[in-house]
Amino acid sequence: NIMMRGYCVAGEVEKGIGFFEEMERKGCLPNVVSYNTLMDAYFKKGRAEEAMSLFEGMKYRGMEPNLISYNVVINGLCREGRMEEASEMVKEMGWRRLKPDEVTYNTLVNGHCKGGNFHQALVLHAEMVKNGLSPNVVTYTSLINSMCKAGNLHRARELLDQMRVRGLRPNDRTYTTLIDGFCQKGLMNEAYRLLREMMDNGYKPSLVTYNALINGHCVMGRMEEALGVVREMEEKGLAPDVVSYSTIISGFCKDQNLDEAFRLKQEMGARDVSLDAVTYSTLINGLCQQNRLPEACNLFQEMIRLGLSPD
RNA sequence: GCUCAAUGGCGCAG
């Protein structure tokens with residue numbers, strides 16, 4: 001199970017399956033944890049149907065799914081936007097006398113948030129309380145993120161206050177969520193105020209936090225500041241990743257400054273940061289916006305040569 | 001040993 005998990009989190013699900021099959025062959029039969037691990041990996045790779053048939057398979061073979069099995073399946077269905085089926089699974093849990101826990105509810109709350117149904121997310125939040133479970137920092141971070149994505153920063157702050165009133169402390173992800181919300185709107189002063197609060201509370205800004213700040217400056221067209229954040233993170237020993245670079249490249253493309261955009265592409269190569277399909281799309285789009293179609297085609301071919309599939 | 005929340009492009013939807 002440990003080997004399976006190792007390969008699955010590395011994205012090599014096929015190798016994970018190899019261990020699963022080896023267990024069957026050698027008479028060390030996979031248990032519920034093996035099934036849960038593989039199902040989760042399938043869902044996270046977007047291979048929902050294979051995950052579901054594993055789930056059916058385990059039931060057929062008389063292996064009882066546990067609470068975590070259902071949480072995995074519910075999360076998988078939520079990621080696919082299949083909220084109806086996710087609710088059906090909660091009913092199915094009941095037949096097996098399994099009670100949804102905080103993770104189950106957090107998963108459903110987040111699913112409804114991502115699906116844009118904030119109202120239903122609040123309904124689930126209330127139901128969770130009614131069932132004697134306490135919404136935690138994960139629950140609130142989902143709700144806050146939903147409001148940030150909708151641009152309703154006022155409501156996001158209210159939720160932050162509400163969680164504090166209930167004795168919950170925002171963590172680094174909660175702060176990063178809010179910082180991103182303000183950055184998306186270009187409200188950099190607020191974003192930096194939250195960053196300071198985050199640090200005062202003992203949390204170090206993560207790579208994701210820095211990327212959110214970089215994006216905020218790019219949204220405002222303040223490319224010097226965006227590059228300044230990169231320098232700052234490097235001083236702290238954090239290396240910019242493909243997201244940091246793509247964000248800045250996108251900013252330069254919007255600024256019609258393709259020279260700088262391509263300079264950064266080169267820098268990525270020099271620093272051993274691989275471009276992904278999003279980075280290429282950003283650059284291709286930048287070229288197309290300027291009617292530089294032959295160069296766009298060349299980049300398109302370059303990405304295919306590198307084994308990246310266009311989406 | 002297994003499950004939940006945060007960051008980048010385009011399109012679609014709003």
Side-chain angles (χ1 to χ4, degrees), chain A residues 1-6 8-9 16 30-41 43-44 65-76 78-79 86 100-111 113-116 121 124 128 135-146 148-151 156 163 170-181 183-184 191 198 203 205-216 218-219 226 229 240-251 253-254 261 275-286 288-289 303 310-311:
Chain A
N1 287 347
I2 294 169
M3 291 303 288
M4 266 181 54
R5 172 166 166 74
C8 287
V9 301
N31 63 9
V32 64
V33 174
S34 330
Y35 277 95
N36 292 348
T37 304
L38 254 196
M39 289 194 298
D40 189 51
F43 275 123
K44 288 182 172 152
N66 63 14
L67 174 60
I68 294 180
S69 316
Y70 278 97
N71 286 344
V72 165
V73 171
I74 289 168
N75 188 34
C78 286
R79 298 165 66 108
D101 68 354
E102 286 87 349
V103 173
T104 320
Y105 277 105
N106 286 345
T107 303
L108 290 164
V109 165
N110 188 51
C113 284
K114 292 272 157 66
L124 267 294
M128 150 175 212
N136 58 23
V137 61
V138 175
T139 326
Y140 277 100
T141 302
S142 283
L143 293 169
I144 289 171
N145 188 38
S146 180
C148 286
K149 291 293 183 300
M163 74 181 276
N171 64 19
D172 52 341
R173 286 204 185 198
T174 318
Y175 279 113
T176 299
T177 303
L178 282 157
I179 289 169
D180 180 55
C183 286
Q184 292 283 355
M198 168 177 181
Y203 298 111
S206 67
L207 178 60
V208 175
T209 317
Y210 282 114
N211 286 345
L213 291 166
I214 290 169
N215 186 46
C218 290
V219 163
V229 174
D241 70 353
V242 60
V243 174
S244 328
Y245 278 110
S246 303
T247 305
I248 297 180
I249 288 174
S250 167
C253 287
K254 280 186 199 129
L275 312 225
D276 66 10
V278 172
T279 324
Y280 275 103
S281 302
T282 306
L283 286 163
I284 290 171
N285 185 46
C288 288
Q289 295 288 335
M303 91 180 252
D311 62 6

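A, B, ... follow the sequence lines: proteins, then strands. Residue 1 opens every chain. Here the structure is a predicted model, which means the values were calculated and not measured.
We find that CZ of R79(A) is positioned 14 Å from C1' of A6(B), with the value rounded to whole Å. Residue I144(A) contributes atom CD1, which lies 19 Å from atom P of C4(B) at whole-angstrom precision. Straight-line distance from the CG atom of D101(A) to the P atom of U3(B): 13 Å, rounded to whole Å. Rounded to whole angstrom, the span from the CD1 atom of I249(A) across to the P atom of C10(B) amounts to 13 Å.
Heavy atoms of S206(A) sit under 4.0 angstrom from at least one base atom. N285(A) comes within 4.0 angstrom of sugar-phosphate atoms only, judged by non-hydrogen atoms across all strands, and of no base.
Between K114(A) and A6(B) there is a side-chain N or O to OP1 or OP2 distance below 4.0 Å. Contact annotation: R5(A) reaches the phosphate of U3(B) (side-chain N/O to OP1 or OP2, under 4.0 Å). Taking 4.0 angstrom as the limit, K254(A) places none of its side-chain polar atoms (N or O) nearer than this to OP1 or OP2 of C10(B). Applying the 4.0 Å criterion to OP1 and OP2 of G8(B), one finds that Q184(A) has a side-chain N or O inside that range.
Relative to the side chain of V103(A), the nucleotides G9(B), A6(B), U3(B) differ in distance, and U3(B) lies closest. Out of C4(B), G8(B), U7(B), the shortest distance to the side chain of N110(A) is found at C4(B). Of the candidates G9(B), A6(B), C4(B), the closest approach to any side-chain atom of T176(A) belongs to A6(B). Side-chain atoms of S250(A) lie closest to G9(B) of the nucleotides A6(B), G9(B), C2(B). Checking C2(B), G9(B), A6(B) against the side-chain heavy atoms of V33(A) singles out C2(B) as nearest. The side chain of K44(A) has C4(B) as its nearest neighbour among C4(B), G8(B), G9(B). Closest to the side chain of V208(A), from the set A5(B), U7(B), C4(B), is U7(B). In the set G1(B), C4(B), C2(B), G1(B) carries the atom at the smallest distance from any side-chain atom of I2(A).
With hydrogens and angles left out, the side-chain atoms of N106(A) and N136(A) include a donor and acceptor closer than 3.5 Å. A donor atom on one side chain and an acceptor atom on the other are not found under 3.5 Å apart for N145(A) and S142(A). Side-chain contact annotation: N75(A) with D40(A), donor-acceptor N/O pair under 3.5 Å absent. Under the 3.5 Å distance criterion, with hydrogens and angles disregarded, no donor-acceptor pair is assigned to the side chains of T177(A) and T174(A).
For N171(A) against A5(B), a side-chain-to-base donor-acceptor contact under 3.5 Å is present. In this model, a side-chain donor or acceptor of S246(A) finds a partner on the base of G8(B) within 3.5 Å. Remark: the T37(A) side chain and the G1(B) base include no donor-acceptor N/O pair separated by less than 3.5 Å.
Summarising the geometry of T107(A) relative to C78(A), their closest heavy-atom pair is O-SG, 3.9 Å, with the distance given to 0.1 Å.
Side-chain atoms of S246(A) do not come within 3.5 Å of backbone N or O of V243(A) as any donor-acceptor pair.
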